[in-house]
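Atom set for the values below is all heavy atoms of this structure, side chains included, hydrogens, waters and symmetry mates excluded. Counting starts at 1 for both ligands and their atoms, following the listed order.
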Amino acid sequence: MTAMLATGPVEGSPRDLRSIAALVHAHAGIVLPDAKSTLVFSRLSGPFRRSGLPRFADYVARLETDEAARREAIEALTTNHTGLFREAHHFDHVAADLRPALMAKLRAGGRVRLWSAGSSSGEEVHSLAVTVLGGDPAEGRLIAGSDIALLATDINTKVLAVGEAGTYAAAGIDAIPAPLRIWTEAQGDELRFRAEVRRLIRFRQLNLLAAWPIRTGFDAIFCRNTMIYFDEPTKARLIARLCDQLLPGGYLYIGHSERVTGPATAMLEPIGQTIYRKRPA
Ligand SMILES: C[S@@+](CC[C@H](N)C(=O)[O-])C[C@H]1O[C@@H](n2cnc3c(N)ncnc32)[C@H](O)[C@@H]1O
């Protein structure tokens with residue numbers, strides 16, 4: 001019985017939950033309704049036990065002042081579900097519409113910048129990279145050798161480390177269109193994206209609510225299934241900031257249950273299922 005208590009989920013009070021929810025909302029934009037109390041307490045059980053503090057309320061109080069502890073708690077409370085070629089219609093659009101435009105731009109000596117904002121463990125940005133490289137190895141290498149870079153950002157450093165490794169469960173191969181599998185290799189019993197692909201991608205920790213030390217001018221931004229956890233004003237502000245980062249004519253891809261709201265609506269023309277194009281200035 002004692003062993004079960006030492007490893008089982010912690011039981012916090014409604015007051016603890018309210019404090020945690022306020023903190024996570026203020027720092028990461030994530031809304032944690034009362035209905036998520038079991039999830040919150042179970043995800044914070046590990047960090048609480050590692051803190052060595054006697055009572056959960058003490059741990060919650062520490063989160064107010066201890067930045068490292070707060071960061072660990074916020075990471076534990078993020079939901080990182082993702083997958084290779086998730087919401088595949090976006091990659092169909094990239095292959096059919098965006099890729100030809102990017103290739104023309106690169107051929108003319110221009111630069112291409114793509115951003116996966118809320119990248120989680122990198123499946124999205126790797127899917128995007130291989131879609132842009134395409135199924136012809138010679139053409140893909142030419143593209144990879146041009147001025148092209150992909151940025152992948154997330155608040156959670158643990159998932160970013162997975163993305164940097166570029167190694168995923170072997171079963172993920174089924175989600176990758178057959179011609180694009182040339183950009184992967186077997187690594188033990190896992191699949192790994194080849195070095196040519198990995199070297200195009202930079203993974204960086206970035207809180208979408210904070211300042212973005214990013215040079216503006218993206219051809220496309222994927223921000224999918226991340227603002228779903230934010231409240232309406234936060235979503236509207238985020239979309240406006242993403243829109244500012246897009247080049248005129250650039251594309252914004254959002255998650256299946258998300259929509260564009262707020263002042264950026266006028267600037268973003270819907271051109272497909274959860275795909276928007278920034279109008280020329
Ligand atoms: C459900 S995943 C989505 C992954 C991928 N975009 C997809 O659609 O498959 C949401 C990601 O958003 C990240 N996230 C949540 N709040 C964030 C914030 N304030 N700033 C940056 N990333 C955040 C989480 O850590 C998580 O990895």
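Residue A28 places at least one N or O, backbone or side chain, under 3.5 Å from an N or O of ligand 1. At least one N/O-N/O distance between N80 and ligand 1 falls below 3.5 Å. Considering both main-chain and side-chain atoms, G118 comes within under 3.5 Å of ligand 1 through a nitrogen or oxygen pair. By the 3.5 Å distance cut-off applied to N or O atoms, T82 is counted among the residues near ligand 1. The distance criterion of under 3.5 Å between nitrogen or oxygen atoms is met by L208 with respect to ligand 1. Residue contacts with ligand 1: I155 is placed with a nitrogen or oxygen under 3.5 Å of a nitrogen or oxygen of the ligand (distance criterion only).
Looking only at protein heavy atoms, the nearest one to atom 7 (C) of ligand 1 is R86 NH1, 3.3 Å. Nearest protein heavy-atom neighbour of atom 15 (C) of ligand 1: I30 CD1, 3.9 Å. Among protein heavy atoms, the minimum distance from atom 3 (C) of ligand 1 is reached at R224 O, 3.5 Å. Looking only at protein heavy atoms, the nearest one to atom 21 (C) of ligand 1 is L206 O, 3.2 Å.
Of the heavy atoms in I228, none comes closer than 4.0 Å to ligand 1. Contact annotation: for F230 versus ligand 1, heavy atoms closer than 4.0 Å belong to the side chain alone.
Between E123 and the choices S119, S120, S121, the side chain to side chain donor-acceptor pair (under 3.5 Å) rule is met once, by S121. With T274 as the partner, the side chain to side chain donor-acceptor pair (under 3.5 Å) test is satisfied by one option alone out of H90, R259, E258: H90.
Note: N156 CG to R71 CZ = 11.5 Å, rounded to the nearest 0.5 Å.
Interface atoms of ligand 1 facing S120, defined by a heavy-atom separation under 4.0 Å, are 4 (C), 27 (O). Using a 4.0 Å cut-off to heavy atoms of E124, the atoms of ligand 1 that qualify are 5 (C), 6 (N), 7 (C), 8 (O).
A distance-only check finds no donor-acceptor pair linking the side chain of E164 to the backbone of G122 [under 3.5 Å]. A donor-acceptor pair under 3.5 Å links the side-chain atoms of R224 to the main chain of R86, judged by distance alone. With E87 contributing its side chain and H256 its backbone, the two residues share a donor-acceptor pair below 3.5 Å. Listed for the S45 side chain is a donor-acceptor partner under 3.5 Å among the backbone atoms of V10. Formation of a donor-acceptor pair under 3.5 Å by the R198 side chain with backbone atoms of G163 is not found in this model.
Between Y59 and P47, some side-chain heavy-atom pair lies under the 4.5 Å cut-off. Residues V94 and F222 have side chains in contact (heavy-atom distance under 4.5 Å, counting atoms from C-beta outward).
The heavy atom nearest to atom 18 (C) of ligand 1, considering only N156, D154, N207, is found in N207. Nearest-residue assignment for atom 8 (O) of ligand 1 (options T226, T79, N225; heavy-atom criterion): N225.
The local environment of CZ in R181 is crowded, with over 12 non-hydrogen atoms from other residues, nucleotides or ligands closer than 6.0 Å.
Within the 4.0 Å heavy-atom cutoff, F222 does not count among the residues contacting ligand 1.
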